[in-house]
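For ligands, and for the atoms within them, numbers begin at 1 and follow the listed sequence.
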Amino acid sequence: MLPDIKSLNREEIESRFAAWNQPAYRVAQLLDWLYVRRATDWNAMSNLPKALREKLREQFTLQTLELVHKQGTEDTTQKFLWKLADGALIESVLIPANPALYGEASDRHTLCISTQVGCAYGCKFCASGLEGWKRNLDVQEILEQILAVERHVTNAQRAVAVADAPGVPRGDETGGETPPEPAGGTPAPPGSPLEAASPPATRNPSRTVDNVVVMGMGEPLANYDHLLKALKILNAPWGGGIGARKITISTSGLAPQIRRLATEPLQFRLAISLHGATDAVRNRLMPVNKKYPLAELVAACETYQRVKGRMITLEYILIAGINDSLDQVCPLAGLAKRLFAKVNLIPYNRVEDLPWQRPSEEVCEGFLAALEKQKITATLRREKGGDIDAACGQLRLKTERALAGA
Ligand code: SF4
C-alpha cells in the first residue's frame with residue numbers, strides 16, 4: 001500500500017523533495033494544491049512539472065472521500081456519509097456555528113469529524129459503538145473530512161452562483177444538471193461563468209470550516225498519534241490554517257491520554273463526554289468509567305486545566321429517567337466548579353434498537369435552570385435533529401444494515 005500524500009507533514013515532504021533534487025518552492029506549490037485548492041487529481045497541479053507529478057503518483061496516493069449520502073440543507077445542519085478507500089463508512093456533520101456551544105461569534109461553520117470506523121468503547125446510548133470497532137482512521141482520512149465538506153459546499157455555492165448569472169440557462173433548461181467543479185480545484189477557464197463564481201485561491205478566505213470538533217464516530221484519544229498529526233497539519237499556516245483554539249477534542253474519559261494531551265504545545269480545547277456526574281450513573285452508561293472512574297478522570301482534567309489554563313467543556317446528554325433528575329444537578333455543578341468548566345446539555349437523540357428516550361422539553365429546561373441557579377455556565381442544545389438521524393453513527397448504522405440486508 002502506498003502512503004497518502006496528506007499523511008505527510010511539511011518536513012516529511014521537504015525531505016522527500018530534497019532527495020529528489022526539487023527546489024524548495026515546489027513544496028509550497030504542492031501544499032497549496034492540497035490544502036488551499038483541495039485538489040483531487042495529480043493532473044490538476046498544473047504548475048508542478050509533469051515528471052514531478054508522475055513521481056508523486058508512483059509513490060503516493062491522493063485519496064478523497066466518496067459521498068454516499070447527505071442529509072440536511074445548506075442553511076441547516078448537514079450530515080455527510082462518506083465511503084473510505086476500503087469501503088468503510090464514516091460520518092461528518094456540518095453545523096451552522098453556534099458560539100454558545102463552540103467557536104466564536106465570527107465563525108460560520110463548525111464541522112464535527114470522526115476518528116475511527118466504529119468504536120470500541122461501547123457507551124450504552126451510542127449508535128457508533130453498536131457494531132464494535134473496525135479500525136482507526138489514517139491521518140489523511142481525518143483531514144479529508146474537512147477538505148471534502150469544503151469541496152461540497154464550494155460546488156453547491158458555485159452551482160447557485162452560475163445558475164443565477166445572467167445568460168446562464170436555469171437547471172431545468174439543461175436537464176437539471178449542475179455545472180461541475182473545475183477538475184481538482186483548478187481555476188476555471190478565463191471568461192467562463194465559472195470563473196466569476198470561483199473564490200480566489202487564498203488560504204484562510206477559502207476555508208468554509210472555521211471550527212472543528214472531534215466528536216464524531218470513535219474515541220479520538222484512542223487514535224492519538226494519527227489524530228494529533230492530522231490536527232497539527234490542520235492548524236499549520238501551510239496546511240489548514242485553523243487555529244488550535246478553534247479545534248475541540250472530545251473524549252469519553254481516557255485519563256492517561258488527557259495527561260499526554262496536556263504536554264502538547266498546541267492549545268486545543270478539551271471536552272469531556274461526561275453524561276453522568278456520579279460513578280453510579282456513569283458506570284451504567286459508559287464502560288470506560290470502570291477503567292477510569294470519575295476521581296481519576298477529574299484529576300487528569302485538573303492537570304490539563306492547570307497546564308493549559310483553558311476552560312474545559314463537560315458534555316452531558318440528557319437521557320430520560322437515567323441522568324435527568326434534579327438530584328444530578330448538585331454533583332454535576334460540583335464537578336463543573338472544580339474544573340472551571342462549562343456544561344453543554346444535549347437532549348438525547350433516539351437510536352434505533354436502543355431503549356433510551358429523550359426527556360421532555362420541560363425537563364431539559366428545568367435541568368438547565370437548576371444548573372444556572374448554581375452559577376454554572378451552561379447551554380442547552382435546542383435544535384431538533386431527529387429528522388437527519390442526528391445521533392452520532394446512526395446514519396452509518398442504518399446504511400450498513402440496509403446494504404447488508406440487500
Ligand atoms: S459515545 Fe463516543 S466513545 Fe462512546 S461509544 Fe460512542 S463514539 Fe465511542
For A85, check side chain to side chain contact (heavy atoms under 4.5 Å, CB included) against everything at least two apart and list the hits. Q63
Excluding waters, which protein N, O or S atoms are within less than 2.8 Å of atom 8 (Fe) of ligand 1? C119 SG
So does G321 get a backbone contact from the side chain of D324, meaning a donor-acceptor N/O pair under 3.5 Å? yes
Are any of the side-chain heavy atoms of I258 and L221 separated by less than 4.5 Å? yes
Identified side chain to side chain contact (heavy atoms under 4.5 Å, CB included) partner of I90 from the options Q145, Q116, K134: Q145
Where the side chain of D210 meets the backbone of R108, is there a donor-acceptor pair that is under 3.5 Å apart? yes
Any heavy-atom pair between the side chains of T77 and V93 that's under 4.5 Å? yes
